[in-house]
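Note that the structure is a prediction, hence the values are computed from the model and not measured.
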Amino acid sequence: MIAIVDYGVGNLRSVERALAQVGARPRLTADQEELGRANGLVLPGVGAFAPALQRLEAGNLGRRVVELARKGMPVLGVCLGYQLLFEESEEHGRHAGLGLLSGRVVEVESSPRLPVIGWCRLRQAEWSPLWQGVEDGSYFYFVHSYTPVTQRGLIGSAEHSPAAAVARVNVMGTQFHPEKSGADGLRVYANFLGVCGAG
C-alpha cells in the first residue's frame, strides 16, 4: 500500500490514478496510523510553499512524515511536495521546510516567463532506482516558479531546474509531475514501488 499524504493541497486524484495504473494500492489518507502501515509515502502538492507547509503541520502530518522517513520508510515528494522536503524556501520570505533533504528552494532565474510550464529534457546526473528503464534525456512535464538548489543526492537536472530530482537513501523527489509525464512518468512511479518492495 502506498499512502498519498492528504493535506488538502495538490492533484491528489491524478497521483492516485497514476499509482493505481502501475499496480500500487494507493490510499489517500491523513490518518497517522494508516501512514505508518504503508509501504511508502507520496507527498504531492501544488501552490505556494508556506501555506502548504501550514496545512501539512496543522494535523502534525509534517512531523509524521519526518518520523517515518527517519525510520527508513521510502518517501517520494512531487512538485511542491518535493520542495517541502528541503531545509528552507525563499518563496515570499524565508520558510523552514521538513529538512529531510539538504538545500534550499529559490525562484527560477533562467526563464523569461514564470511559471515554467511544459515539457523539459531531464539529464540524469547519477544512476537511481527511479531511472530504471528511463532513458537519459527523456522529457518530463514541469509546472513551477521555484526550484530546489543542492548538490547532495542530485540525480537529475533540467534547464530551469538544476535539482530536478534528488534521492538520499530512502527520501527522494522530483520537481516534475510523473503523473503528467506519460509513459516515462509512470515508469518513475513504478520504480518507486520497487523501492518500496511493492513492485
Side-chain angles (χ1 to χ4, degrees), residues 2-5 7 9-12 14-15 18-19 24 26 35 38-49 52-53 56 61-62 64-66 68-70 72-89 91 95-106 108 116 120 122-132 134 138 140-158 160-181 184-196:
I2 304 299
I4 303 169
V5 183
Y7 61 112
V9 175
N11 49 334
L12 303 174
S14 58
V15 172
L19 285 167
L35 291 174
N39 298 96
L41 302 180
V42 173
L43 182 64
V46 294
F49 189 97
L53 192 65
L56 192 62
L61 288 174
R64 184 61 167 154
V65 169
V66 170
L68 293 171
R70 288 181 175 161
M73 182 177 286
V75 175
L76 177 69
V78 174
C79 196
L80 178 60
Y82 168 54
Q83 295 179 8
L84 292 172
L85 298 175
F86 285 86
E87 293 168 308
E88 69 171 16
S89 172
E91 184 176 3
H95 309 281
L98 298 179
L100 289 170
L101 294 174
S102 299
R104 69 189 195 282
V105 177
V106 301
V108 173
V116 174
C120 296
L122 186 85
R123 298 294 183 191
Q124 296 175 13
E126 295 286 346
W127 182 87
S128 165
L130 292 181
W131 302 149
Q132 186 73 37
V134 178
S138 295
F140 291 88
Y141 193 79
F142 290 77
V143 182
H144 65 112
S145 297
Y146 287 77
T147 186
V149 176
T150 187
Q151 289 299 316
R152 297 191 65 184
L154 180 66
I155 61 169
S157 62
H160 304 301
S161 184
V166 165
R168 293 275 295 164
V169 192
N170 59 304
V171 178
M172 57 208 76
T174 66
Q175 183 60 65
F176 60 83
H177 288 272
E179 69 282 357
K180 296 180 180 180
S181 297
D184 285 323
L186 291 177
R187 169 57 61 187
V188 169
Y189 276 139
N191 290 338
F192 179 66
L193 293 194
V195 171
C196 298

Can you name the closest pair of heavy atoms from Ala38 and Met73 and give their distance? O-CE, 3.1 Å
Side chains of Val134 and Gln124, heavy atoms from C-beta outward: is any pair under 4.5 Å? yes
Check Phe192 against Leu41 and note the closest heavy-atom contact, atom names and distance. CZ-O, 3.5 Å
Looking at every heavy atom in both Pro148 and Ala163, which two are closest together, and how far apart are they? O-CB, 3.5 Å
Between Phe176 and Phe142, does the ring centroid distance fall short of 6.0 Å? yes
Report yes if the side chains of Val46 and Val143 come closer than 4.5 Å at any heavy-atom pair, otherwise no. no
Ignoring hydrogens, what is the shortest heavy-atom contact between Glu91 and Gly47? Give both atom names and the distance. OE2-O, 4.4 Å
Are the side chain of Glu87 and the backbone of Gly99 linked by a donor-acceptor contact shorter than 3.5 Å? no
Are any of the side-chain heavy atoms of Val65 and Tyr7 separated by less than 4.5 Å? no
When rounded to the nearest 0.5 angstrom, what distance separates CG in Leu98 from CZ in Phe86? 11.0 Å
From Arg123 CZ over to Ser138 OG, what is the distance, rounded to the nearest 0.5 angstrom? 10.0 Å
Drop me the distance from His177's NE2 to Ser14's OG, to the nearest 0.5 angstrom. 8.0 Å
Side chains of Leu35 and Leu61: does their closest heavy-atom pair fall under 4.5 Å? yes
Check whether any side-chain N or O of Trp131 sits under 3.5 Å from a backbone N or O of Gly156 as a donor-acceptor pair, and report yes or no. no
Work out which heavy atom in Asn170 is nearest to a heavy atom in Gly72; give both atom names and the distance. ND2-C, 3.3 Å
When you compare the side chain of Leu101 with that of Thr150, does any pair of heavy atoms fall below 4.5 Å? no
Test side chain to side chain contact (heavy atoms under 4.5 Å, CB included) on Leu122 and Asp184; report intermediate values, then the result. CA-CA 11 Å; Leu122 186 85; Asp184 285 323; over 6 Å; no
Between Pro162 and Leu154 the two heavy atoms that sit nearest each other are O-CD1, 3.4 Å
Can you tell which of Val108, Val106, Leu80, Val105 makes a side chain to side chain contact (heavy atoms under 4.5 Å, CB included) with Tyr146? Val105
Is it true that a side-chain atom of Asn39 and a backbone atom of Ile2 form a donor plus acceptor pair closer than 3.5 Å? no
Using a 3.5 Å distance criterion without hydrogens, assess whether the side chain of Thr174 forms a donor-acceptor pair with backbone atoms of Val78. no
CD of Gln83 to NE2 of His95: how many Å apart, nearest 0.5 Å? 12.0 Å
Rounded distance [0.5 Å steps], CD in Gln175 versus OH in Tyr82: 7.0 Å
Output the distance between atom CG (Leu12) and atom CD (Glu179), rounded to the nearest 0.5 Å. 10.0 Å
Are Ser128 and Met172 close enough that some pair of their side-chain heavy atoms sits under 4.5 Å apart? no
